[in-house]
Each structure stands twice: as structure tokens, then as C-alpha cells.
Amino acid sequence: ARVRSDAEPAGLPFEHDGESLARATTWNLTTDYGDLDLSFVPAGTRGYEDLRRAALSIEVAGTTISVAALADVVRSKQAAARPKDLLALPVLRRLLEDDAAT
């Protein structure tokens with residue numbers, strides 16, 4: 001992974017140590033498989049413990065991982081209120097409504 005940068009399309013070296021890992025709140029990375037954004041305390045949440053309560057467990061490539069519940073994703077995108085989040089909200093809300101109806 002490399003740090004995503006508008007100035008450097010291939011990304012910048014992802015150099016870190018324990019101190020930088022402890023301070024991190026967000027990483028925007030680029031990888032051979034596409035962009036990867038990591039937010040350690042997403043907007044509108046109190047972080048992992050908050051999101052863990054309703055998280056779903058799914059299996060990916062033989063490994064079980066926790067994924068934030070759709071309602072929590074909607075809550076976070078609403079709180080972030082970035083243009084790209086606001087564009088995604090109608091679709092996510094519809095998925096949430098459809099899920100509640102089944």
C-alpha cells in the first residue's frame with residue numbers, strides 16, 4: 001500500500017512506526033487492488049466499540065471479519081456530510097428500508 005496523493009498518482013511511500021500508528025485517525029491508501037480508506041473513528045460514531053455492537057460477521061477468503069451495520073454506515077455518512085457521502089445516502093437509506101421490510 002502507498003499513501004494516496006493528488007500530486008503523485010502512484011502514491012507516496014507508506015512509512016510508519018508505532019507512534020505514527022497510534023496517532024492515526026484516517027489513512028487514504030492506494031494498492032494494487034484499488035483505493036483503501038481506513039477511518040479509525042468514523043464521523044458520527046465513537047469508534048470501534050460503538051460500531052461493534054451491531055456489526056455483522058462475514059467470511060471473506062476464509063477469514064471471518066466484522067463489518068459495520070448499514071444503519072451505522074448511514075449514521076456516519078450523514079454526520080460526515082461530505083458531497084460524496086450525501087450522494088450515497090439516498091441509495092443506502094433505500095437499502096436500509098428494504099432490509100427492514102424483509
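Throughout, residue positions are numbered sequentially from 1 according to the sequence presented.
For Arg52, the salt bridge (charged side-chain N to carboxylate O under 4.0 Å, His left out) criterion is met by Glu49, not counting sequence neighbours. Contacts of Leu96 classified as side chain to side chain contact (heavy atoms under 4.5 Å, CB included), with partners at least two apart in sequence or in another chain: Leu70, Ala71, Val74. Tyr48 pairs by the ring pair (Phe, Tyr, Trp, His ring centres under 6.0 Å) definition with nothing, not counting sequence neighbours.
With hydrogens and angles ignored, the 3.5 Å screen pairs a side-chain donor or acceptor of Ser76 with a backbone N or O of Ala43. Counting only distance, with no hydrogens or angles, the side chain of Arg2 and the backbone of Ala10 share a donor-acceptor pair below 3.5 Å.
A ring pair (Phe, Tyr, Trp, His ring centres under 6.0 Å) check over residues 59-102, counting only residues at least two apart or in different chains, returns nothing.
Here Val67 is tied into one hydrophobic group with Ile58, Val60, Ile65, each link being a pair of ILVMFWY side chains closer than 4.5 Å. Hydrophobic side-chain contacts under 4.5 Å tie Leu29 into a cluster, directly or through other members, with Val3, Leu12, Phe14, Leu21, Trp27, Leu36, Leu38, Phe40.
Taken to the nearest 0.5 Å, the CG atom of Leu92 stands 10.5 Å off from the CD atom of Gln78. The CG atom of Leu89 sits 7.5 Å away from atom NZ of Lys77, with the distance rounded to the nearest 0.5 Å. Taking CG from Asn28 and OG from Ser5, the interatomic distance works out to 11.0 Å, rounded to the nearest 0.5 Å. Separating the CG atom in Asp99 from the CZ atom in Arg94 is a distance of 12.5 Å, to the nearest 0.5 Å.
Hydrophobic cluster membership is shared by Val91 and Leu86, with clusters built from Ile, Leu, Val, Met, Phe, Trp and Tyr side chains linked at under 4.5 angstrom.
A salt bridge is absent between Arg93 and Glu97: the closest approach of a Lys/Arg side-chain nitrogen to an acidic carboxylate oxygen does not fall below 4.0 angstrom. Note on Asp72 versus Arg53: no salt bridge recorded, every NZ/NE/NH1/NH2 to OD/OE distance being 4.0 Å or above.
Residues Asp50 and Arg75 have side chains in contact (heavy-atom distance under 4.5 Å, counting atoms from C-beta outward).
Nearest heavy-atom pair, Pro9 versus Ala7, reported as atom, atom and distance to 0.1 Å: CD-O, 3.8 Å. When all heavy atoms are compared, the tightest approach of Ser57 to Ser66 is OG-OG, 4.4 Å. Closest approach of Gly47 and Val41 over heavy atoms only: N-CG1, 3.8 Å. Shown here for Ala1 and Thr31, the closest heavy-atom pair between the two residues is CB-CG2, 4.0 Å.
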